[in-house]
**Student:** 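Just dropping this structure here.
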Amino acid sequence: MPMFQPLKRDGLVGFESGGDGQVVDLDTAVKDGLLGGVNGGGVPDEKLDLKTMIKELDLQDIPSVFICPISLEPMQDPVTLCTGQTYERSNIHRWFSLGHLTCPTTMQELWDDAVTPNRTLHHLIYTWFSQKYVLMKKRSEDVQGRAIEVLGTLKKAKGQARVHALSELKQIVVAHLMARKTVVEEGGVSVISSLLGPFTSHAVGSEAVAILVSLDLDSDSKSGLMQPAKVSLIVDMLNDGSNETKVNCVMLIRGLVEEKGFRPELVSSHSLLVGLMRLVKDKRHRYGASPALGLLKPISAHKQVRSLMVRVGAVPQLVDILPSLDPDCLESALFVLDALCSDMEGRVAVKDSANTIPYTVKVLMRVTESCTNYALSILWSVCKLAPEECSPLAVEVGLAAKLLLVIQSGCDPALKQRSAELLKLCSLHYSDTMFISKCKLTRTIQ
């Protein structure tokens, strides 16, 4: 196929063959596939809105000749300057309104500031996008139809056929938004939810959970999933499934926890907490830590869950992984530890963890203000609980200097007040001279 180069003539854009000098207009270029058009497509009879098509298609691979050099977005109303350069009308008018009398691309001074509608290019852009849009709509309809067919199969399939149907439906809903809407509208949520129960195999359950996580579940759907037998199966898969299944189970439970009718006893489960902590500590698959901590945050609001977390040994595990967490996960972990400190048994467990004080002191003024807030609250809880034991240890690892930094910073006044109170509490165990020496910032700066 010969190479074609843009040719600008009389304000219009064409393409010139590199071989025989033949000039090809843009419409022909698209029909011949030179700009990635849909061969033989033509413009549909139905009048489509170009702006809507551009927005819904959201394409990345768009011919460069369609792109406005100013906004780097597809043009909807292309106009050409006297220099032969083409721009989106609104963009070039904005350029002129700023006092520029030059061509933005070439920086040539304009001898005429009139703009000429580039109807050929507009027709080409409209044709190209409409062909893509019609094709997308056709594929979407095909996908919707196939999703309905698979749902019908799923209602009567058993054994391995059921697994295959679920696997195909999962692939469809993950890849296509319209398929997800279709499954919900066709009552697919209740069909899939009905497959989860005490005798459901993990092969079926894992596919069903993956589909449900992809869908926009309403309150009734979530209420149906809150049955103890269904939650029990999901928790079992959280412990024994693949890493992908584990994350999907966490995300599904998170969606249930956020529902108004949620009952805390559904997550007051030793197995659930053990499974979540395994995900948090898994060094080989770090992507599970964020969703696991994201679920621990809301369920730690319930006293019975906090009590169970202490009993399963979650406190020292959370403390020991603090240095290895990214900022978002670190903030979630500190939130949970702070929540645990709201009960006496939680405070004792946090105090008794060997690394609580050095790791939380290290966090102060080093990540986000929220992290500093949670870390400071944890330190206040343990130092208040056992001042003679914890305050000197905290000062030795640099707490006094860090508290002075917080007080002198531009952070929240309440945070400064808490820092001043903790600093006063720590100072009670030292002479004035000794405590002042502990407040030197050398170690903190290093």
Side-chain angles (χ1 to χ4, degrees), residues 180 184 189-190 192-198 200 205-206 208-241 243-282 287-315 317-318 321 325 328-343 346 370 374:
R180 295 195 286 275
V184 173
V189 175
S190 61
I192 298 165
S193 298
S194 68
L195 302 178
L196 300 177
T200 303
S206 62
V209 168
I211 295 170
L212 291 171
V213 166
S214 302
L215 303 178
D216 185 12
L217 304 179
D218 58 22
S219 295
D220 291 339
S221 300
K222 291 179 180 179
S223 296
L225 287 168
M226 288 184 197
Q227 298 174 20
K230 296 183 186 297
V231 175
S232 178
L233 172 66
I234 297 170
V235 171
D236 285 344
M237 292 189 292
L238 167 59
N239 280 279
D240 301 328
N243 288 296
E244 179 184 354
T245 297
K246 291 177 181 178
V247 171
N248 285 336
C249 289
V250 171
M251 293 172 65
L252 185 56
I253 296 173
R254 173 75 182 271
L256 302 183
V257 169
E258 294 170 349
E259 193 62 23
K260 280 187 177 180
F262 171 75
R263 301 186 306 278
E265 57 267 22
L266 289 175
V267 291
S268 299
S269 159
H270 180 280
S271 296
L272 173 62
L273 295 176
V274 168
L276 290 175
M277 291 310 303
R278 284 176 182 165
L279 271 180
V280 171
K281 296 186 299 177
D282 191 343
Y287 60 86
S290 180
L293 287 166
L295 176 55
L296 284 170
K297 283 181 66 175
I299 66 176
S300 66
H302 304 287
K303 181 175 176 57
Q304 60 199 87
V305 176
R306 293 196 299 270
S307 180
L308 188 56
M309 288 179 69
V310 173
R311 293 202 297 273
V312 301
V315 171
Q317 295 178 54
L318 284 172
I321 63 167
L325 297 177
D328 289 337
C329 288
L330 177 62
E331 184 173 319
S332 296
L334 290 169
F335 176 97
V336 174
L337 288 170
D338 186 31
L340 289 168
C341 286
S342 60
D343 305 316
S370 293
Y374 296 136

**Student:** Hey, what do you get for CD1 (Ile192) to CG (Leu215), rounding to the nearest 0.5 Å?
**Tutor:**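 Separation between the atoms: 6.0 Å.
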**Student:** Short question: side chain of Asp343, backbone of Gly346 - any donor-acceptor pair under 3.5 Å?
**Tutor:**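 A pair under 3.5 Å: no.
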**Student:** Could you tell me if the side chain of Arg306 sits less than 4.5 Å from the side chain of Val310, heavy atoms only?
**Tutor:**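 Val310 vs Arg306: side chains apart.
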**Student:** With a cut-off of 6.0 Å (strictly less than), are more than 12 heavy atoms of other residues, nucleotides or ligands near CE of Met251?
**Tutor:**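 Not buried by this count: 12 neighbours or fewer within 6.0 Å.
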**Student:** What are the two closest non-hydrogen atoms of Ser221 and Val189, and how far apart are they?
**Tutor:**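 Answer, listing the atom of Ser221 first, then Val189: OG-CG1, 3.4 Å.
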**Student:** Does any part of the side chain of Val305, heavy atoms only, come nearer than 4.5 Å to the side chain of Leu272, both counted from C-beta?
**Tutor:**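 Contact flag for Leu272/Val305 side chains = no.
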**Student:** Going by an N to O cut-off under 4.0 Å, is there a salt bridge joining Asp216 and Arg180?
**Tutor:**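 So Asp216 does not pair with Arg180 through a salt bridge.
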**Student:** Examine distances only and state if a side-chain atom of Ser300 and a backbone atom of Leu296 form a donor-acceptor pair shorter than 3.5 Å.
**Tutor:**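 Checking the backbone N and O of Leu296 against the side chain of Ser300, a donor-acceptor pair under 3.5 Å is found.
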**Student:** Between Pro228 and Arg263, is any pair of side-chain heavy atoms under 4.5 Å apart?
**Tutor:**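 SC-SC contact between Pro228 and Arg263 confirmed.
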**Student:** Between the main-chain N or O of Ala210 and the side-chain N or O of Ser214, is there a donor-acceptor pair closer than 3.5 Å?
**Tutor:**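 Flag set: sc Ser214 to bb Ala210 pair under 3.5 Å.
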**Student:** Supply the atom-to-atom distance Leu325 CG to Ser290 OG, rounded to the nearest 0.5 angstrom.
**Tutor:**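 One finds 10.0 Å between CG of Leu325 and OG of Ser290.
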**Student:** Contact between Leu238 and Leu279 at the side-chain level, heavy atoms closer than 4.5 Å - yes or no?
**Tutor:**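 Leu238 vs Leu279: side chains touch.
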**Student:** Is Thr200 reaching over with its side chain to a backbone N or O of Leu195, donor-acceptor style, under 3.5 angstrom?
**Tutor:**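 Between the backbone of Leu195 and the side chain of Thr200 there is a qualifying donor-acceptor contact (under 3.5 Å).
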**Student:** Using side chain to side chain contact (heavy atoms under 4.5 Å, CB included), reason through Leu252 and Leu217 one step at a time and then give a plain yes or no.
**Tutor:** CA-CA 10 Å; Leu252 185 56; Leu217 304 179; 4.1 Å; yes
**Student:** Measure up the Phe335 and Tyr374 rings against each other and bin them: parallel (under 30°), tilted (30 to 60°), perpendicular (over 60°).
**Tutor:**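 Taking Tyr374 first and then Phe335, their aromatic rings stand perpendicular (interplane angle over 60°).
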**Student:** Using the side chain to side chain contact (heavy atoms under 4.5 Å, CB included) rule, take Leu276 and Ile299 through it: C-alpha gap first, then chi angles, then the decisive distance, then the call.
**Tutor:** CA-CA 12 Å; Leu276 290 175; Ile299 66 176; 4.1 Å; yes
**Student:** For Val247 and Gly288, work out which heavy atoms get closest and say how close.
**Tutor:**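 Closest pair (atom of Val247, atom of Gly288, distance): CG2-CA, 4.1 Å.
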**Student:** Dump the intermediate steps for side chain to side chain donor-acceptor pair (under 3.5 Å) on Thr245 and Asn248, then the final yes or no.
**Tutor:** CA-CA 5 Å; Thr245 297; Asn248 285 336; 5.4 Å; no
**Student:** With distance as the sole test, does Ser307 use its side chain to make a donor-acceptor pair with the main-chain N or O of Lys303 at under 3.5 Å?
**Tutor:**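 Side chain of Ser307 to backbone of Lys303: no pair is present.
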**Student:** On a heavy-atom basis, which atom in Pro264 and which in His302 lie closest, and how many Å separate them?
**Tutor:**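 Scanning both residues completely, I find the closest heavy atoms to be CG-ND1, 3.4 Å.
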**Student:** Would Glu259 and Ser219 count as a side chain to side chain donor-acceptor pair (under 3.5 Å) if you check the C-alpha gap in whole Å, the side-chain angles of each, and the deciding distance to 0.1 Å?
**Tutor:** CA-CA 7 Å; Glu259 193 62 23; Ser219 295; 2.7 Å; yes
**Student:** Please report the closest heavy-atom contact between Val267 and Phe262, naming both atoms and the distance.
**Tutor:**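 Closest pair (atom of Val267, atom of Phe262, distance): CG2-CZ, 3.4 Å.
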**Student:** Before giving the answer on side chain to side chain contact (heavy atoms under 4.5 Å, CB included), spell out for Met237 and Lys246 the whole-Å C-alpha distance, their side-chain angles and the decisive distance to 0.1 Å.
**Tutor:** CA-CA 7 Å; Met237 292 189 292; Lys246 291 177 181 178; over 6 Å; no
**Student:** Ignoring hydrogens, what is the shortest heavy-atom contact between Ser193 and Lys230? Give both atom names and the distance.
**Tutor:**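 That closest heavy-atom pairing would be O-NZ, 2.7 Å.
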**Student:** Are side-chain heavy atoms of Glu258 and Pro298 found at a separation under 4.5 Å?
**Tutor:**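 With C-beta onward as the side chain, the pair stays apart.
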**Student:** Taking C-beta and beyond as the side chain, do Leu196 and Leu225 meet within less than 4.5 Å on heavy atoms?
**Tutor:**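 With C-beta onward as the side chain, the pair touches.
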**Student:** So how far is it from Ser271 OG to Ile234 CD1, rounded to the nearest 0.5 Å?
**Tutor:**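 Ser271 atom OG to Ile234 atom CD1 measures 13.5 Å (nearest 0.5 Å).
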**Student:** Could you walk me through whether Arg278 and Asn239 pass side chain to side chain contact (heavy atoms under 4.5 Å, CB included), step by step?
**Tutor:** CA-CA 8 Å; Arg278 284 176 182 165; Asn239 280 279; 3.3 Å; yes
**Student:** Taking the side chain as every heavy atom from C-beta outward, state whether Val336 and Met309 have any atom pair closer than 4.5 Å.
**Tutor:**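 The answer is yes; the side chains approach within 4.5 Å.
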**Student:** Restricting to non-hydrogen atoms, name the atom on Leu308 and the atom on Ser268 that form the minimum distance, rounded to 0.1 Å.
**Tutor:**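 In terms of heavy atoms, the two residues are closest at CD2-C, 3.6 Å.
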**Student:** Would you say that Lys281 contacts Ile321 through its side chain, given a criterion of any heavy-atom pair below 4.5 Å between the two side chains?
**Tutor:**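 Lys281 vs Ile321: side chains touch.
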